[in-house]
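These notes concern the structure reproduced below.
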Amino acid sequence: MRKSEFKILVHELNKIAKSTMDLKQPEYTNNDEDILYNFKTTGERLNISALKVWGIFMEKQISSINAHINNANINRAESLESRFADVLNYAYLGLALFRERDK
């Protein structure tokens with residue numbers, strides 16, 4: 001892949017990630033101002049840390065991508081672009097959780 005093509009891919013993936021975040025955020029945060037609301041409340045219900053919840057959710061995305069690595073013909077419930085966009089979003093959210101923890 002040429003550098004110019006890769007630059008377009010990165011731009012498109014970031015656009016999908018932002019759109020996904022904007023679309024899903026109200027539901028996941030229950031319209032709370034805390035962007036990390038879902039991880040924290042799920043952690044409280046399950047008696048685990050918000051970071052562990054994040055790790056489980058991130059692993060779900062990685063697991064799906066690995067399924068496609070291992071079987072090119074597997075049914076795609078979501079597009080690969082969507083999965084990779086979610087990985088980007090989880091990376092942002094994970095870093096936010098670490099920053100909060102380390103304050």
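All residue numbers refer to positions in the sequence shown, counting from 1.
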Rounded to the nearest 0.5 Å, the CG atom of D86 sits from the CD atom of E81 at a distance of 12.0 Å
Could you tell me whether a side-chain N or O of S63 sits under 3.5 Å from a main-chain N or O of E59, the two making a donor and an acceptor?
no
CG of L51 to CD1 of I56, rounded to nearest 0.5 Å, is 11.0 Å
query = Less than 4.5 Å apart, any side-chain heavy atom of Y37 and any of Y28?
reply = no
Minimal heavy-atom distance between L93 and L36, with the atoms involved, is O-CD2, 3.8 Å
task = State, with a plain yes or no, whether a side-chain heavy atom of E5 is found less than 4.5 Å away from one of R2.
result = yes
The complete set of salt bridge (Lys or Arg N to Asp or Glu O under 4.0 Å) pairs with one or both residues in residues 28-44, sequence neighbours excluded, reads D34-K40, K40-E100
| So, do L13 and L88 sit near enough that their side-chain heavy atoms are less than 4.5 Å apart? | yes
Is there a continuous path of hydrophobic side-chain contacts, each under 4.5 Å between heavy atoms, that joins F84 to L23?
no
- Item | Sub-4.5 Å side-chain heavy-atom contact between R83 and K60 | yes
Residues N89 and A17: closest non-hydrogen pair is ND2-O, 2.9 Å
Within one Ile-Leu-Val-Met-Phe-Trp-Tyr cluster: I8 and L80, side-chain cutoff 4.5 Å: no
Applying side-chain hydrogen bond (donor to acceptor under 3.5 Å, both in side chains) to R101 and not counting sequence neighbours gives none
Open item on the list: Please check if the number of heavy atoms outside D102 that lie under 6.0 Å from its CG is greater than 12.
Closed with: yes
message = Tell me whether the rings of F39 and F57 are parallel (<30°), tilted (30 to 60°) or perpendicular (>60°).
response = tilted
One should read off an interatomic distance between I69 CD1 and I74 CD1, to the nearest 0.5 angstrom, of 11.5 Å
| Is I62 reachable from W54 through a run of hydrophobic residues whose side-chain heavy atoms are each under 4.5 Å from the next? | yes
Nearest heavy-atom approach of Q61 to V87 is CB-CG2, 3.8 Å
Note to self: Quick check: is L95 connected to I35 through a chain of hydrophobic side chains (ILVMFWY, heavy atoms under 4.5 Å apart)?
What the structure shows: no
Check your understanding: Donor-acceptor pair, S82 side chain versus E78 backbone, under 3.5 Å?
Key -> no
With sequence neighbours left out, the residues meeting side-chain contact (heavy atoms from CB on, under 4.5 Å) with K52 are I48, S49
ask   = Going through the checks in order, is the side-chain contact (heavy atoms from CB on, under 4.5 Å) test met by K15 and V10?
value = CA-CA 8 Å; K15 194 172 164 183; V10 169; over 6 Å; no
CG of N14 to CG of L9, rounded to nearest 0.5 Å, is 9.5 Å
